[in-house]
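Counting starts at 1 for both ligands and their atoms, following the listed order. Values below: all heavy atoms of this structure, side chains included; hydrogens, waters and symmetry mates excluded. If you're wondering where the values come from, they're calculated on a predicted model, not measured in any experiment.
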Amino acid sequence: MAHDTRELNRRQDHFTGRSDIWLFGYGSLIHKVDFPFLEARDARIQGWARRFWQGSHDHRGTPEAPGRVLTLVEAPDETCVGVAYRVTPDVFEHLDHREKNGYLRLTIDMTFIRPPHQGRHANGLIYIAGPNNAAWLGPASEAAIARQIARSQGPSGRNDDYVLKLDAALQDMGAEDPHVAAIARHLRASDSSHAHPSADREY
Ligand code: BEZ
């Protein structure tokens, strides 16, 4: 599959007859909310786990030196907590562009986790980059992933900012993720500011 998934996503029939739809965010959609939404609720999905296994050529790296960003991999015993946004279909023009580097829209069942909607289900959409996309990097040790992230940056900023902001957002939600937390710990321990000596620190 090509890097640019916009055309594949445009061809999907996700919106016929709908004025709104739920979108489940598990990564940058949690901490970079640059789109309008009607409602947001904490939610979980079953059978998926976060992994920094997707290359980023357009946001947190470059084609010559890709960064690493999140995707989800199938993990039958795991639960992934994130944020569900109720959005109008026009929002996907922006999001399909933002997430064009290998991500496809899929349908998913999500469960809301806070009162008064706790336990209720909704069907919605999610962006996932699978192993057959051209930007896929795949598994590596968390230490090696952190080393690659520490030296990567792209048009959207430093790759380590992406990890540290997400880790903080997940902690704020009471939903710490072991994979994200381990990589964030490696980054803090190695004081990654040395990799980008001229950049301003925001955290
Ligand atoms: C998300 O936060 O749901 C997301 C992460 C990476 C790419 C697309 C969406």
*Asks:* For atom 2 (O) of ligand 1, what is the closest protein heavy atom, and at what distance to 0.1 Å?
*Replies:*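 The closest heavy atom on the protein side is Gly27 N, 2.6 Å.
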*Asks:* Could you walk me through whether Val81 and Tyr26 pass the side chain to side chain contact (heavy atoms under 4.5 Å, CB included) test, one step at a time?
*Replies:* CA-CA 7 Å; Val81 172; Tyr26 57 90; over 6 Å; no
*Asks:* Which word best sums up how the rings of Phe112 and Trp22 line up, parallel for under 30°, tilted for 30 to 60°, or perpendicular for over 60°?
*Replies:*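 Rings of Phe112 and Trp22: tilted, as their planes differ by 30° to 60°.
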*Asks:* Does the pair Asp96/Arg6 count as a salt bridge with the N-to-O cut at 4.0 Å?
*Replies:*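 Not counted as a salt bridge, because no side-chain N and carboxylate O are separated by less than 4.0 Å.
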*Asks:* Got the closest protein heavy atom to atom 3 (O) of ligand 1, with its distance?
*Replies:*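 The closest heavy atom on the protein side is Tyr26 N, 2.9 Å.
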*Asks:* For a quick check under 3.5 Å, do Arg68 and Gln148 share a side-chain donor-acceptor pair by atom type?
*Replies:* yes
*Asks:* Could Asp160 and Arg60 be called an ion pair, given the rule that one side-chain N must be under 4.0 Å from one carboxylate O?
*Replies:* no
*Asks:* Using a strict cut-off of 4.0 Å, indicate which atoms of ligand 1 neighbour a heavy atom of Ser28.
*Replies:* 2 (O)
*Asks:* Would you mind running through ligand 1 and noting each atom that sits below 4.0 Å from a heavy atom of Tyr127?
*Replies:* 8 (C), 9 (C)
*Asks:* Against heavy atoms of Phe24, which atoms of ligand 1 measure under 4.0 Å?
*Replies:*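 Near Phe24, meaning under 4.0 Å from one of its heavy atoms, ligand 1 has 3 (O).
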*Asks:* For residues Asn159 and His59, is any side-chain donor paired with an opposing acceptor at under 3.5 Å?
*Replies:* no
*Asks:* Looking at Leu70, which atoms of ligand 1 are within less than 4.0 Å of one of its heavy atoms?
*Replies:*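 Within the 4.0 Å cut-off of Leu70, ligand 1 contributes 6 (C).
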*Asks:* In terms of residue, atom name and distance, what is the protein heavy atom nearest to atom 7 (C) of ligand 1?
*Replies:*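 Ranked first by proximity to atom 7 (C) of ligand 1 is Tyr103 CE2, 3.2 Å.
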